[in-house]
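Residues take their numbers from the sequence shown, with the count starting at 1. Both backbone and side-chain heavy atoms feed into the values below; hydrogens, waters and symmetry mates do not.
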Amino acid sequence: MINSKSDVQPKKKKSKSGLIITLSILGVMAIAMTFGALYYNYRKDKEKTYISNPKVGDVYEIEMRSGNFSTAKVLQVTQDSVYTTENNLETDQLKGISEIDIDRNYGILKNAHSRKEIERLFMQDTIFAINRN
């Protein structure tokens, strides 16, 4: 026989430690997201400088028309043009780009691009990252 509600439902204890843990996790996540956003903006600003001032050896990470990813290496820079060679390999995953960025994977053919075209490709995210050593 049930005499009261307390017999049916266990008493709930208010836990301060559970609240503290939850708030701590949320705080750490907020800090991580803030640092991630700051790093992204820092990298994009640095890459804008690289696009406006290309150097021999820069590697452009590019999205191909097929939807795959590859790289192009800068071979020569003139006042109005950038000459690149494309990687012979493509990958379907972003994380695979570093694995195919090997000197032997680049072709011997040069592609000529105007500096404005390179800037346009960067603004359209076709060139989505630039690596400079």
Side-chain angles (χ1 to χ4, degrees):
M1 176 174 200
I2 299 174
N3 293 333
S4 68
K5 278 188 167 182
S6 64
D7 291 340
V8 177
Q9 297 176 349
K11 292 183 180 179
K12 294 182 181 179
K13 292 183 180 179
K14 293 186 178 181
S15 172
K16 288 184 182 180
S17 63
L19 179 62
I20 291 171
I21 290 171
T22 302
L23 291 176
S24 297
I25 290 171
L26 289 174
V28 169
M29 288 174 55
I31 290 170
M33 289 172 57
T34 300
F35 280 117
L38 290 173
Y39 178 74
Y40 175 81
N41 289 334
Y42 166 77
R43 182 172 169 120
K44 281 298 178 187
D45 286 344
K46 192 163 77 168
E47 288 174 347
K48 285 179 187 175
T49 303
Y50 292 168
I51 278 292
S52 62
N53 185 23
K55 295 195 184 291
V56 172
D58 284 356
V59 176
Y60 299 151
E61 294 183 6
I62 55 178
E63 183 173 1
M64 308 299 285
R65 288 187 183 112
S66 64
N68 289 338
F69 305 98
S70 191
T71 57
K73 187 175 279 193
V74 175
L75 297 175
Q76 182 182 358
V77 179
T78 64
Q79 188 173 358
D80 61 349
S81 299
V82 178
Y83 297 89
T84 64
T85 182
E86 288 186 9
N87 195 316
N88 292 327
L89 301 179
E90 296 180 5
T91 180
D92 61 349
Q93 297 180 351
L94 282 173
K95 66 180 180 180
I97 288 182
S98 61
E99 296 171 11
I100 65 171
D101 183 21
I102 301 169
D103 285 339
R104 70 173 184 244
N105 291 341
Y106 288 95
I108 58 173
L109 298 176
K110 281 187 183 180
N111 299 315
H113 307 277
S114 70
R115 286 183 179 238
K116 289 185 186 232
E117 180 184 4
I118 293 291
E119 289 175 8
R120 181 181 55 80
L121 292 171
F122 180 72
M123 295 305 289
Q124 293 174 342
D125 283 333
T126 299
I127 297 174
F128 59 87
I130 303 165
N131 302 316
R132 179 175 284 178
N133 292 333

By side chain to side chain donor-acceptor pair (under 3.5 Å), which residues pair with [X], not counting sequence neighbours?
X	result
Glu99	none
Asn68	Glu90
Thr84	His113
Asn133	none

Checklist line | Summary of salt bridge (charged side-chain N to carboxylate O under 4.0 Å, His left out) pairs that have at least one residue in residues 68-83, sequence neighbours excluded | finding: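 The answer is Lys73-Asp103.
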Margin query: Does anything in residues 108-133 form a salt bridge (charged side-chain N to carboxylate O under 4.0 Å, His left out)? List the pairs, not counting sequence neighbours.
Written below: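 Listed by first then second residue: Asp58-Arg132.
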Next item on the list: Could you grab the distance from atom OG1 of Thr49 to atom CG of Asp45, nearest 0.5 Å is fine?
Entry: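 Interatomic distance, Thr49 OG1 to Asp45 CG, rounded to 0.5 Å: 7.0 Å.
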Margin query: As an exercise, state the distance from CD1 of Ile100 to OH of Tyr106, rounded to the nearest 0.5 Å.
Written below: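 If we round to the nearest 0.5 Å, Ile100:CD1 and Tyr106:OH are 7.5 Å apart.
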Notebook entry, point to check: Is a side-chain N or O of Thr91 found less than 3.5 angstrom from the main chain of Ile97, in a donor-acceptor match?
Noted result: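 No; judged by distance alone, with no hydrogens or angles, the pair does not exist.
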Report the residues that fulfil side chain to side chain contact (heavy atoms under 4.5 Å, CB included) with [X], sequence neighbours left out, ordered by chain and then residue number.
X	result
Ile127	Tyr60, Ile62, Ile118, Leu121, Phe122, Ile130
Ser98	none
Ile25	Ile21, Met29
Asn131	Arg43, Val59, Glu61

Item checked: Non-hydrogen atoms of Asn87 and Ser70 that approach each other most closely ->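 Scanning both residues completely, I find the closest heavy atoms to be CB-OG, 3.3 Å.
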Next item on the list: Mind jotting down which residue pairs meet the ring pair (Phe, Tyr, Trp, His ring centres under 6.0 Å) criterion with at least one end in residues 70-93? Sequence neighbours excluded, please.
Entry: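 The answer is none; no pair qualifies.
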Check: Is there a chain of hydrophobic side chains (I, L, V, M, F, W, Y, each step under 4.5 Å between heavy atoms) that links Val82 to Met123?
Finding: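 Same cluster: Val82 reaches Met123 through Ile, Leu, Val, Met, Phe, Trp or Tyr contacts under 4.5 Å.
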Check: ring pair (Phe, Tyr, Trp, His ring centres under 6.0 Å) with Phe128: which residues, sequence neighbours excluded?
Finding: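 Here the qualifying residues are Phe69.
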